[in-house]
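Every value quoted in this text rests on a predicted model; they were computed, and no experiment measured them. Proteins come first, then strands; the chains are lettered A, B, ... in the order of their sequence lines, and each starts at number 1.
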Amino acid sequence: MEKAIVVNGLRKSFKDTDVLKGVDLEVKRGEIFALLGSNGAGKTTMVRILTTLLNPDGGTATVNGFDVAARPDQVRQSISLTGQFAAVDEILTGRENVILIAKLRHLKNPRQVADHMLERFGLTEAADRKASAYSGGMRRRLDIALSLVGNPQIIFLDEPTTGLDPEARIEVWKTVKELADGGTTIFLTTQYLDEAEQLADRIAILHEGRIITNGTLEELKQLFPPAKVEYVEKQPSLEEIFLAIIGNKEGK
Amino acid sequence: MNRYFFSDMSVMLGRSMRHIFRSMDTIITVCITPIAMMLLFVYVFGGAIQTGTDNYVNYLLPGILLIAIASGISYTAYRLFMDKQRGIIERFNSMPISRSALLWGHVLTSLVSNMISLVVIILVALIMGFRSTAGILPWLAVTGILVLFTLALTWVAAIAGLSGKSVEGASAFSYPLIFLPFISSAFVPTDSMPKVIRAFAENQPVTSIVETIRALLSSQPVGNDIWIALAWCVGIMLVAYVFAMRAYKRRAV
Ligand SMILES: Nc1ncnc2c1ncn2[C@@H]1O[C@H](COP(=O)(O)OP(=O)(O)OP(=O)(O)O)[C@@H](O)[C@H]1O
Ligand SMILES: [Mg+2]
């Protein structure tokens with residue numbers, strides 16, 4: 001089986017809004033696939049169908065070779081979901097959150113798994129604090145850590161960096177790249193072209209219920225108007241300033 | 001999948017029990033109102049209420065216990081609502097976990113925390129002069145009925161928590177439940193009520209449950225009331241269970 005995800009003619013409407021009007025796409029094993037779309041394009045709807053949370057109205061979707069509507073249990077064995085908003089238990093500590101998921105995945109050494117995960121995501125120091133006391137970035141990291149417990153083969157990340165500061169954003173990017181290097185298939189959604197550019201092997205743009213383009217970054221670039229050389233005085237962006245200052249601080 | 005039901009459920013139970021023990025104030029809050037009512041009725045109104053018994057605390061306690069349960073279960077609605085709102089339910093539903101494990105975890109937690117509140121309230125009642133002649137078996141029967149009543153109302157709370165659109169909406173459903181004991185024989189005998197109200201009072205679940213518990217605790221014959229009480233509890237529980245599971249699965253597949 002070569003394809004991790006195959007979607008054909010997928011349709012979904014809510015009451016009178018047609019959100020997906022026949023989506024086709026394929027994701028190869030081990031690649032990072034970015035679904036790019038603006039607010040309300042239907043990215044979350046797409047992710048919820050592929051992760052068995054929502055039934056499609058029409059068309060088919062298979063994940064890891066299993067049909068999402070017919071064999072949801074098998075699909076759930078193969079995937080993990082990091083939703084658009086961090087889903088961590090705020091009353092539990094970071095460590096307890098990881099142990100909880102490890103137990104629910106029926107792993108042998110939940111405590112060891114937790115130690116390992118917390119270290120990997122730089123949360124060892126905060127491990128015994130309640131998740132409600134975490135910053136947005138820490139919460140997102142914990143959220144992603146929870147999704148990686150048990151090494152699922154296919155990972156869904158719904159706008160993993162929306163709302164994060166530039167530093168936290170780059171950290172999430174790093175994690176995603178490491179995962180992909182380890183052979184995990186990654187399906188992520190984003191509103192930002194630069195994020196897709198940074199991470200993705202293949203990019204699909206979801207617009208008005210359909211995939212309007214789909215290809216590698218190189219292929220997409222050929223569709224864009226050719227680059228023009230212009231001389232414009234460029235103010236540093238907020239992100240650049242921020243990173244420069246942070247970099248200076250850490251250098252000292 | 002069912003192979004893991006009990007292990008998943010106990011993990012979920014452990015999780016929500018942690019929630020309870022990290023917010024012991026909720027148990028205290030649940031106890032305070034019924035205890036205050038008990039004080040009010042015994043020491044303020046009690047002298048004027050004719051129940052035909054000399055110990056009004058004995059008369060009152062069963063109704064007070066039901067009020068405590070009716071207010072205690074709204075925390076289950078609240079916790080389920082928070083799980084839904086924070087995306088925790090979606091996270092669990094995208095994992096290979098037994099479908100109903102999360103709900104059972106919440107329900108059993110509700111049972112444990114309500115039983116703790118009931119013990120606290122009974123201790124206060126003892127200080128206020130509550131006495132029972134009942135032996136072990138009648139007490140076991142009383143416990144059984146209270147457990148069933150808690151389970152029945154907790155499943156009702158689960159429906160509210162899963163389908164509520166706001167925190168207030170999810171927990172406000174319990175107010176009418178708290179009121180039911182007032183229109184029953186919990187505080188005053190029903191003979192003194194106007195005809196229509198009396199008909200309602202005598203045929204709603206709380207009266208049969210209150211009468212049964214009262215009879216058991218004072219070693220009186222329970223008669224038919226116990227069967228009516230059991231039928232109400234089991235009936236409400238089954239119906240609420242079906243609707244709660246439906247509300248839960250609607251957001252699953
Ligand atoms: N449960 C629902 N009931 C009704 N309408 C819904 C529901 N879920 C989504 N929609 C609608 O479907 C459309 C697509 O929503 P979706 O959340 O998939 O978009 P999105 O691409 O994830 O947007 P965002 O970038 O804001 O997260 C929106 O118009 C939304 O209002
Ligand atoms: Mg979205």
Side-chain angles (χ1 to χ4, degrees), chain A residues 44 47-56 63-64 66-93 95-97 99-107 110 130-132 139 142-144 146-147 149-150 152 154-156 158, chain B residues 1-27 75-76 78-106 109 113 162 167 246-253:
Chain A
T44 299
V47 168
R48 296 185 70 221
I49 291 174
L50 293 177
T51 54
T52 76
L53 296 174
L54 199 66
N55 271 335
V63 173
N64 204 21
F66 302 109
D67 187 278
V68 288
R71 307 183 66 189
D73 285 335
Q74 272 84 355
V75 172
R76 288 180 199 127
Q77 300 276 2
S78 337
I79 62 160
S80 90
L81 164 66
T82 306
Q84 186 164 355
F85 305 98
V88 302
D89 186 328
E90 307 216 331
I91 299 167
L92 301 185
T93 65
R95 187 190 308 281
E96 287 167 341
N97 264 291
I99 293 177
L100 174 75
I101 301 296
K103 282 184 178 165
L104 291 172
R105 290 221 180 250
H106 313 117
L107 303 184
K130 277 193 194 178
S132 57
R139 208 171 294 193
L142 177 61
D143 192 37
I144 295 177
L146 295 182
S147 299
V149 170
I154 303 171
I155 291 185
F156 292 87
D158 193 2
Chain B
M1 288 327 292
N2 280 331
R3 177 157 72 107
Y4 286 116
F5 176 77
F6 287 102
S7 94
D8 289 351
M9 203 267 287
S10 66
V11 173
M12 294 295 193
L13 176 62
R15 164 179 181 258
S16 32
M17 284 308 295
R18 275 217 167 93
H19 285 198
I20 297 251
F21 287 116
R22 288 196 184 156
S23 51
M24 282 310 272
D25 51 321
T26 58
I27 290 191
Y75 284 99
T76 302
Y78 170 76
R79 292 195 182 93
L80 267 170
F81 179 79
M82 291 318 268
D83 276 359
K84 180 181 82 170
Q85 202 190 33
R86 299 224 166 105
I88 307 257
I89 292 189
E90 294 220 323
R91 156 154 266 146
F92 289 153
N93 277 343
S94 69
M95 289 169 59
I97 303 175
S98 309
R99 298 278 77 193
S100 55
L102 174 77
L103 285 190
W104 276 107
H106 277 288
T109 300
S113 71
L162 288 168
V167 190
R246 196 179 287 175
Y248 183 66
K249 286 188 174 149
R250 195 173 47 215
R251 36 196 69 258
V253 171

Task: Side chain, backbone, both or neither of M82(B) within contact of chain A (heavy atoms, under 4.5 Å) - done: neither
Open item on the list: Please classify the contact of S7(B) with chain A as side chain, backbone, both or neither, using a heavy-atom distance under 4.5 Å.
Closed with: side chain
Open item on the list: On a heavy-atom basis, which atom in A87(A) and which in I88(B) lie closest, and how many Å separate them?
Closed with: CB-N, 4.1 Å
State, yes or no, whether a side-chain contact exists between [X] and [Y] at a heavy-atom distance under 4.5 Å.
X       : Y       : value
D89(A)  : R18(B)  : no
V11(B)  : L100(A) : yes
E90(B)  : T51(A)  : no
H19(B)  : L92(A)  : yes
K130(A) : R22(B)  : yes
Q74(A)  : P96(B)  : no
I91(A)  : R15(B)  : no
R76(A)  : N93(B)  : no

Task: Pair R91(B)-S147(A), side-chain donor/acceptor within less than 3.5 Å - done: yes
Going from [atom1] on [X] to [atom2] on [Y], what distance comes out if it is rounded to the nearest 0.5 angstrom?
X       : Y       : atom1 : atom2 : result
L104(A) : L102(B) : CG    : CG    : 9.5 Å
I97(B)  : R105(A) : CD1   : CZ    : 7.5 Å
L81(A)  : F92(B)  : CG    : CZ    : 12.5 Å

- [ ] Output the option from S94(B), G87(B), A101(B), G14(B) having the highest count of non-hydrogen pairs under 4.5 Å with chain A.
- [x] S94(B)
Open item on the list: Please classify the contact of L146(A) with chain B as side chain, backbone, both or neither, using a heavy-atom distance under 4.5 Å.
Closed with: both
Open item on the list: What part of E96(A) gets within 4.5 angstrom of chain B, counting heavy atoms only: side chain, backbone, both, or neither?
Closed with: side chain
